Amino acid sequence: MAPGNPGIDAETRCRTIDAQADDVERLLTFALENDVDFTVVGPEAPLSKGVVDAFRAAGKRIFGPTRAAAQLESSKAFAKDFLERHSIPTAAYAVFEALEPALEYIRTRGAPIVVKADGLAAGKGVVVATTVAEAEAAARDMLSGGSMGAAGSRVVIEEFLDGEEASFIVVANGTQYVPLASSQDHKRIFDGDLGPNTGGMGAYSPAPVVTPEVHARICRDVIEPTLAGMSAEGRPFGGFLYAGVMIDRQGGIKVLEFNTRMGDPETQPILFRMESDLLELLEAAVDGHLDQAMVRWSPEPALGVVMAAHGYPGPVRKGDVIRGLDADLGGAKVFHAGTSRRGDDIVTSGGRVLCVVGKGRDVAAAQRSAYAAIREITWDGMQFRTDIGYRAIARESAG
Ligand code: AMP
Ligand code: GLY
């Protein structure tokens, strides 16, 4: 794992190496010198820097999309234009690099309306504006090189979609694919889906909103035309393809975004339920026999709650000492994100610090398990939502 963190260090079968995840040259040198047989790319930054292209050129097996294919995530304008070219359902939109036309578009369309930075912004480049003034302020901030830097020099402005979101991730290699279990993320910082967007404050799997019919529709109307379109355009997609979709009351779907990796925090509850071998699945993709791959899931739902640092999703304070990680957490598991070691302590070192995952007979039981573990953990300024999974739990108690 490069660079890993103290949580990964504590796993007996993992080793961390001192290399940044986006230092392509150093990673390739390491892989060559240490005879690394197979590499899996986690985050988007190295993908957009061409880590897969570089490894392949050197004859190393690697799982992930090429730089050209990773544009589905690294440029929202590319993704939207692609969706339109291939008649894949998505919100109506326009792309702007100049402020005046963007403002005019906002005024003409009215609110609610959504303003998105084109480039990579760690889940924080989207403003769902409820007023015209808020949308104008977001466009002004992004296009003037404000909080998003270069990622905001181009913006996508799109129609507001109402409905319930789900995350749908498949393992793909060009035209073949295997869907992973569905999940649902919670993007807003506060309970009840209030406050600004974050990278994700908690998730659970499976997402009941993804009924068998919705599942089939996402495969047929989104995943298959996307893979076919990418191949036809000469940038076949291999890797994790993540479609964030909005599902309306009639079960109609529209694509909100693509990621070219697994989502965070969706990955934690999804993989907590996986009973078959992940590595075998990814090797089958790279070696071209995904059609023979088998994936098995625990029928029990899993639910993960993100614990974030003081200030998140704005500028965060680092260095707060985390206590309680040694407590007996029952069947729950703590996944580290923004943590680091300082002497004998583990301290906060990023926005999203931990994700605590529980499993149970139903989503309510998985939620109880996760929050019981969270009660043991504390640091100055920690924040977490207390309602992760509320939609699924409402369905369970209604049904
Ligand atoms: P994105 O990174 O494009 O998925 O946007 C982040 C989050 O903003 C999504 O997960 C949604 O919660 C919200 N969002 C994005 N686009 C729209 C839209 N067109 N209508 C409503 N909400 C949206
Ligand atoms: N949770 C959504 C993402 O990883 O972008």
Side-chain angles (χ1 to χ4, degrees), residues 41-45 47-48 70 72-80 82-83 89-95 106 109-130 134-135 138 142 148 151-152 155-169 180 182-190 192-205 207 209 222 240-248 252-271 304-306 308 313 335 337 351-352 355 385 388 391:
V41 188
E44 64 276 22
L47 294 171
S48 72
L72 278 182
E73 173 170 3
S74 62
S75 167
K76 285 190 188 286
F78 172 84
K80 293 293 289 191
F82 174 88
L83 289 165
T90 190
Y93 74 104
V95 180
I106 290 168
R109 305 297 291 228
I113 192 162
V114 182
V115 183
K116 304 183 174 187
D118 176 57
L120 297 175
K124 291 177 270 183
V126 174
V127 175
V128 180
T130 50
E134 198 186 337
M142 290 178 194
M148 300 297 145
V155 300
V156 171
I157 302 182
E158 70 176 30
E159 165 198 9
F160 172 81
L161 299 175
D162 212 357
E164 185 170 345
E165 284 181 67
S167 305
F168 196 87
I169 306 171
L180 301 183
S182 65
S183 59
Q184 186 174 81
D185 189 6
H186 300 61
K187 306 268 180 177
R188 305 299 190 105
I189 182 81
F190 299 129
D193 296 324
L194 298 173
N197 264 317
T198 68
M201 292 300 290
Y204 60 94
S205 169
V209 66
V222 176
F240 293 111
L241 177 63
Y242 165 133
V245 296
M246 189 69 94
I247 302 161
D248 67 24
I253 49 169
K254 285 189 175 164
V255 176
L256 284 172
E257 67 162 337
F258 285 120
N259 291 321
T260 56
R261 52 178 171 83
M262 289 194 75
D264 180 9
E266 292 95 324
T267 306
Q268 295 86 324
I270 291 175
L271 292 187
V305 179
V306 169
F335 291 89
R352 290 182 293 167
C355 179
R385 281 179 58 161
I388 299 303
R391 286 199 184 83

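Numbering of ligands and ligand atoms starts at 1, following listing order. All values reported here derive from a predicted model rather than from experimental measurement.
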| query | Short list, please: which atoms of ligand 1 are under 4.0 Å from a heavy atom of E158? | reply | 16 (N), 17 (C), 18 (C), 19 (N)
| request: Between E165, E266, R261, M201, flag the one that comes closest to atom 5 (O) of ligand 2 by a heavy atom. | output: R261
| field | Side-chain (H186) to main-chain (G202) donor-acceptor, under 3.5 angstrom | value | yes
| message | According to side-chain hydrogen bond (donor to acceptor under 3.5 Å, both in side chains), who are the partners of S48, at least two apart in sequence or on a separate chain? | response | none
| query | Atoms of ligand 2 less than 4.0 Å from G199 heavy atoms? | reply | 1 (N), 2 (C)
| said: Under a 3.5 Å distance rule, please check whether K80 uses its side chain to pair with a backbone N or O of A91 as donor and acceptor. | reply: yes
| remark: A student comparing E257, K116, K80, K76 should find that the heavy atom closest to atom 15 (C) of ligand 1 comes from K116
| 4.0 Å heavy-atom contact, R188 with ligand 1 | no
| Who passes side-chain hydrogen bond (donor to acceptor under 3.5 Å, both in side chains) against E134, sequence neighbours left out? | T130
| task | Find all atoms of ligand 1 within a distance of less than 4.0 Å from any non-hydrogen atom belonging to L256, and give their numbers and elements. | result | 3 (O), 15 (C), 16 (N), 17 (C), 18 (C), 23 (C)
| task | Can you measure from CD1 (I157) to CZ (R109) and round to the nearest 0.5 angstrom? | result | 10.5 Å
| message | I'd like to know if the side chain of E257 and the backbone of E73 have a donor-acceptor N/O pair within less than 3.5 Å. | response | no
| field | Sidechain-backbone polar pair: N259 side chain, Y242 backbone, donor-acceptor under 3.5 Å | value | no
| request: Please state which part of D185 comes within less than 4.0 Å of ligand 1, counting heavy atoms only: side chain, backbone, both or neither. | output: neither
| task | Decide whether the shortest distance between a heavy atom of M262 and an atom of ligand 2 is less than 4.0 Å. | result | no
| said: Can a donor-acceptor pair be found, under 3.5 Å and without considering hydrogens, that links the side chain of R352 to the backbone of D264? | reply: yes
| Taking distance alone, with no angle check, do D185 and ligand 2 share an N/O pair under 3.5 Å? | yes
| task | Would you mind checking if R385 and D193 are paired as a salt bridge, meaning a charged N to carboxylate O distance below 4.0 Å? | result | yes
| note | Taking only non-hydrogen atoms of E159 and a 4.0 Å limit, the atoms of ligand 1 in range are 18 (C), 19 (N), 20 (N)
| said: Is there a polar contact between ligand 1 and V128, counting only N or O atoms under 3.5 Å apart? | reply: no
| request: Using a strict cut-off of 4.0 Å, indicate which atoms of ligand 1 neighbour a heavy atom of F160. | output: 20 (N), 21 (C)
| message | Using a 6.0 Å cut-off, check whether atom CZ of R188 has over 12 heavy atoms from anything other than its own residue. | response | yes
| message | Suppose I only count heavy atoms of Y242 and a 4.0 Å limit; which atoms of ligand 2 are within that range? | response | 2 (C)
| field | Those atoms of ligand 1 less than 4.0 Å from some heavy atom in L161 | value | 18 (C), 19 (N), 20 (N), 21 (C)
| Do any nitrogen or oxygen atoms of G200 come within less than 3.5 Å of a nitrogen or oxygen of ligand 2? | no
| said: Treating S182 as the side-chain partner and A207 as the backbone partner, does any N or O pair qualify as donor plus acceptor under 3.5 Å? | reply: yes
| message | So if I count the atoms of ligand 1 from 1 in the order they appear, which ones are less than 4.0 Å from some heavy atom of K187? | response | 10 (O), 12 (O)
| query | Can you list the atoms of ligand 2 that are under 4.0 Å from a heavy atom of G263? | reply | 4 (O)
